[in-house]
Amino acid sequence: MITVDEALAHLFSLVSPLDTEEVPLQQASGRVMATCAVARRDQPPFAASAMDGYAVAADAAQPGARFTVIGEAAAGHAFGGQVGAGHAVRIFTGAPVPAGTDHVVIQEDVIRAGDTITLGETLDDKSHVRPAGGDFRVGDRIDAPRVLGPADIALLASMNIPTVTVRRKPRVALISTGDELVMPGDTPAPDQIIASNTFGLKAMLDGIGAEARILPIARDTRASLIAAFDLARGADLVITIGGASVGDHDLVGVVAAELGMERAFYKVRMRPGKPLMAGRMGDAAMIGLPGNPVSAMVCGKVFVAPVVRALLGLGEHRAPRLTARLAHDRPAGGPREHYRRARLDDGVIAPDNRQDSSLLSVLAGANALMIRPADDGPRKAQDMIDYLPL
Ligand code: AMP
Ligand code: MG
């Protein structure tokens, strides 16, 4: 049996970054920018007032000084003239600072009578002028790859970049397998349950930038599985769930092989999630996840999400781990890397008492997967331990 890291290395060798497409900024949120963006202008493009007040020459801005107001500058309405000694211009936030001035006295520090202003006795020492190019300059870059968040989108807009080059969304086909499964909303027979894994995985994968599609449930027959794989055509990544053990009804490996899947590995030294398989199937990578709901979700986090990120051009990295302090002593771990459903509060982590891999209520109540490496020795309360945030 291979380790989690070995399985990940195999998985990364099955995929490479997808091609790119151009999207308008309004549709770029959450997408992965694939090429650097370069500012097309300085921001602000001129020295701009940061406050409402009066623009004057800095060295003339002394307590009690008097000026004649000769005009006005508002946002989008520059004052065109030159400002000489003894003169001031009424100015508003965002307006270009007029030629001959480099200082704004805020209006609270000014007494105005007709066209004459007198500065107060206590002035602050700020210029209240935003320098030209103070935010960014022409040619400044936003490096790629980068997952674009709202602030990035605003910055790109400000740089006058209306469209961005992003990675195509990975198309993921999700196939539940099992005679016992029906879709949520359907009426199950007394010996049936509701398919949950495809729904949880779709939520997880769409959330990191994939386009996941839930296919009709495949029954535990060759014909039904073949039909499901057929519907998955065009996907970059085909995920099956269940049917991957060695039971009489576990046909996924057999049928996938018949359809030309070149298997990269089967079984990983981890808990939960041992019966994981993966390989190349035509133009797609194929991952067979275990059927138990918690196993499927843990494997989604540990294996599928990193593969999706690799397809998005974000590099080949395992799921990022954090560390927390153990709440209680723990006995030595087993021979498989173990991901326990846990609660993390104020940096202290405690695994749930119930770790059966069918318990979705426990998974939903957890906010972390606490990780014990294979063959880990006993651990003391307060020891630092790795976890994956949920
Ligand atoms: P299997 O690997 O097919 O033997 O499935 C292991 C367990 O997971 C069985 O109890 C299945 O009923 C359950 N299971 C398999 N697929 C799903 C699914 N998509 N949603 C919920 N439970 C599932
Ligand atoms: Mg099954």
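Residue numbers start at 1 and run along the sequence shown. Note that ligands are numbered from 1 as they come in the structure, with each ligand's atoms numbered from 1 the same way. All heavy atoms count here, side chains included; hydrogens, waters and symmetry mates do not.
- Proximity to Ile193 (heavy-atom distance under 4.0 Å) selects the following atoms of ligand 1: 12 (O), 22 (N).
- Under a 4.0 Å heavy-atom criterion, Gly243 is in contact with ligand 1.
- The shortest contact between atom 4 (O) of ligand 1 and any protein heavy atom is with Asp250 OD1, 4.0 Å.
- Looking only at atom types and distance, the side chain of Thr3 has no donor-acceptor partner in the side chain of Asp5 under 3.5 Å away.
- For atom 12 (O) of ligand 1, the nearest non-hydrogen atom of the protein is Glu180 OE2, 2.5 Å.
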Exercise answer: donor-acceptor pairs, residues 266-276 side-chain atoms, under 3.5 Å, sequence neighbours excluded:
{"unit_1": "Tyr266", "atom_1": "OH", "unit_2": "Ala244", "atom_2": "O", "d": "2.7"}
{"unit_1": "Arg269", "atom_1": "NH1", "unit_2": "Pro335", "atom_2": "O", "d": "3.1"}

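- Counting only N and O atoms by type, the side chains of Arg112 and Tyr54 include a donor and acceptor under 3.5 Å apart.
- Considering both main-chain and side-chain atoms, Ser176 comes within under 3.5 Å of ligand 1 through a nitrogen or oxygen pair.
- Proximity of a side-chain donor or acceptor of Asp109 to a complementary backbone N or O of Gly120 within less than 3.5 Å is not detected.
- Ion pairing of Arg219 with Asp179 is absent here, as no side-chain N (NZ or NE/NH1/NH2) approaches a carboxylate O to less than 4.0 Å.
- Residue Ser196 places a heavy atom under 4.0 Å from ligand 1.
- The single protein non-hydrogen atom nearest to atom 18 (C) of ligand 1 is Asn197 ND2, 3.2 Å, given as residue, atom name and distance.
- Considering both main-chain and side-chain atoms, Ile241 never comes within under 3.5 Å of ligand 1 through any nitrogen or oxygen pair.
- For Thr93 and Asp52, the side-chain atoms include at least one donor-acceptor pair closer than 3.5 Å.
- Here the heavy atom of the protein found nearest to atom 23 (C) of ligand 1 is Gly291 O, 3.4 Å.
- Gln27 places no side-chain N or O within 3.5 Å of a backbone atom of Pro24 that could act as its donor or acceptor partner.
- Ile194 shares a hydrophobic cluster with Val182; the chain of contacts runs through ILVMFWY side chains whose heavy atoms sit under 4.5 Å apart.
- Counting protein heavy atoms only, atom 6 (C) of ligand 1 is closest to Asn292 N, 3.7 Å.
- Less than 4.0 angstrom separates some heavy atom of Ala195 from each of these atoms of ligand 1: 20 (N).
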